[in-house]
Amino acid sequence: MQTLAGLLTQALHLALVLLAAPLVVGCTRWLKARMMGRRGAPPWQPVRDLAKLLRKRPVLAENASLVSEAAPYIAVVTTLVALALVPSFAQGMAFAPLGDLLLVAGLLALARVALVLAGMDVGTAFGGMGAAREVSFSAFAEPALLVAVLSFAILAGSTNLDLVAATFRDGQLGLRVSLALAAIAMLAVALADNARMPVDNPGTHLELTMVHEAMLLESSGRHLALWEFQAALKLELWLALLAAVFLPFGTAAAGAGPLAWGLGLLAWLVKMAGLTLALAVFESAIAKMRVFRVPEFLGAALLLALLAAALLFVSTGLA
Amino acid sequence: MGKLPYDIAHLLGGAMLLLSFVLLYQRRVQAVINAFAVQGGVLALAAAWQANMQGVPELYLTALIAFVAKAVLIPLALRAMLRRLDLHRAVETALGIGTSMMAGVAVVALAILVVLPITAGARAIAREDLALALSVVLLGMLMMITRRNAISQVVGLMSLENGLVLAAVGAAGMPLVVELSTAALVLVVFVVAGFFVFQIRERFDSVDTAALESHRGEGAGDGWRGEGAGDGWRGDAGQDGQRGGAGQA
């Protein structure tokens, strides 16, 4: 019974995240447009875009190697696997024992490697430049994420996402300075990893300072659809991850039956809508940072994460 | 007795520390002043919360003073100063932002290392609170060192004092007289510092304190930098030698 419930919730979770991913991107764009006084495309516009792009044949450069062809599939699959590990409406899903934060970080890194290789494969200037920037930013973002995970692990005694969420939910820990610092670090990493506003401008591909779009300039048709879908999945993954760790309230247990799942789903939708709104407000309010200041921004995130871990070492008496 | 009141006091201390880092991170004088005003407000909240938690009504007075002086008056005065001086908006930093942030974390680590052994018997949360307050103090000092703009240095000094007040309100049984005299002292310091900023500006047409260094009276003109550094090195070496000798004896 338990395993059946786990499998069922896992399948529902996968279907839910696949459906929700384009909508998250669409909603963010729509909200941003409304806030800037435009009407904006409807929130389901990314679904239409994907459907259109999927019908088109990719055009590859003459010197494109196997990497260009394989990379979009690798990136989508790894991101989807990572997303399958991040709980949405229910905890204790079939893959929950595997849902380790370090594994999620590793899968995201694998997707990034695929993206960077695809950017460099054809050898155009923009692709290589974008790849170089992406890698140099992630050299700061990934350690920041790992150190933040370290402080969760000190508090919860595990890096398993379900256990971390359960520890934070039962309120025994209270309010922790370290958690606040780690949350800020995670937010900065999330913005950088999704190529969102202060780091990269998601609304354009005509800028010399672009990062994410620069690597996709050579892809077209089906491949472009996959890349866009991967970006949508990654945005959803980060929002779900932040919701799972910092807002772990209202999530249902896998064995609790359909009614509890429905309530969990409702809670998850509210959380995701809130985070999407927050992202849209933040992006509308802030200007893009100059590229060479991004390492400073992410370095500050890394230092905050380190600070969080250091304070935890003091308060838990490990030092 | 719940843990929550302590947690909130602790969180406010953490917010102060975070704002100290924001002060270090900002480049523009205007943003530095804003961050300082927010820090003053958080300090007032922290003091008011301690008054509520410890049941000491005098601390409400401290909170009021902190709010009026640190969050309203001093930022307003700094802004007026900025307007009158017609400053460039960018802060000249003596160290890069990244380097000063790293130095900031090192300073926090130092504070933790200092606090840990001397508070071995205290509760974990109290130790962490003290470490936070000491970090705010040291970060204020760091800001005074790494900024060359006189206004930022004044903000660094004020932020240092915020850390002192944070430590004071956290310790139960701090006499009111001490706090009042500290607050008065800070206002005096602020007035003197403001006066100095205007004087520096009048003499050198800039509030960059580097302009002062050629007037220190050691050597003339361009030679000061090399000589000053040389003196410093020799002094250190002498001290080290003495220390070594004492150790052998």
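For A/Leu303, the parts lying near chain B are the backbone and the side chain together; criterion is any non-hydrogen pair under 4.5 Å. Residue contact with chain B, scored on non-hydrogen atoms closer than 4.5 Å, is absent for A/Leu302. For a residue to count as touching a neighbouring chain, one of its non-hydrogen atoms must lie under 4.5 Å from one of that chain's; by this rule B/Leu132 touches chain A with the side chain only. Heavy-atom distances place the side chain of B/Leu17, and not its backbone, under 4.5 Å from chain A.
Tested against A/Asp200, the residues A/Met210, A/Glu134, A/Met289 include a single side chain to side chain contact (heavy atoms under 4.5 Å, CB included) partner, A/Met210.
In terms of modelled atom types and a separation under 3.5 Å, the side chain of B/Arg147 and the main chain of B/Val154 share no donor-acceptor contact. Side-chain atoms of B/Ser159 do not come within 3.5 Å of backbone N or O of B/Val155 as any donor-acceptor pair.
For A/Ala105 against A/Leu146, the heavy-atom pair with the smallest separation is CB-CD2, 4.2 Å.
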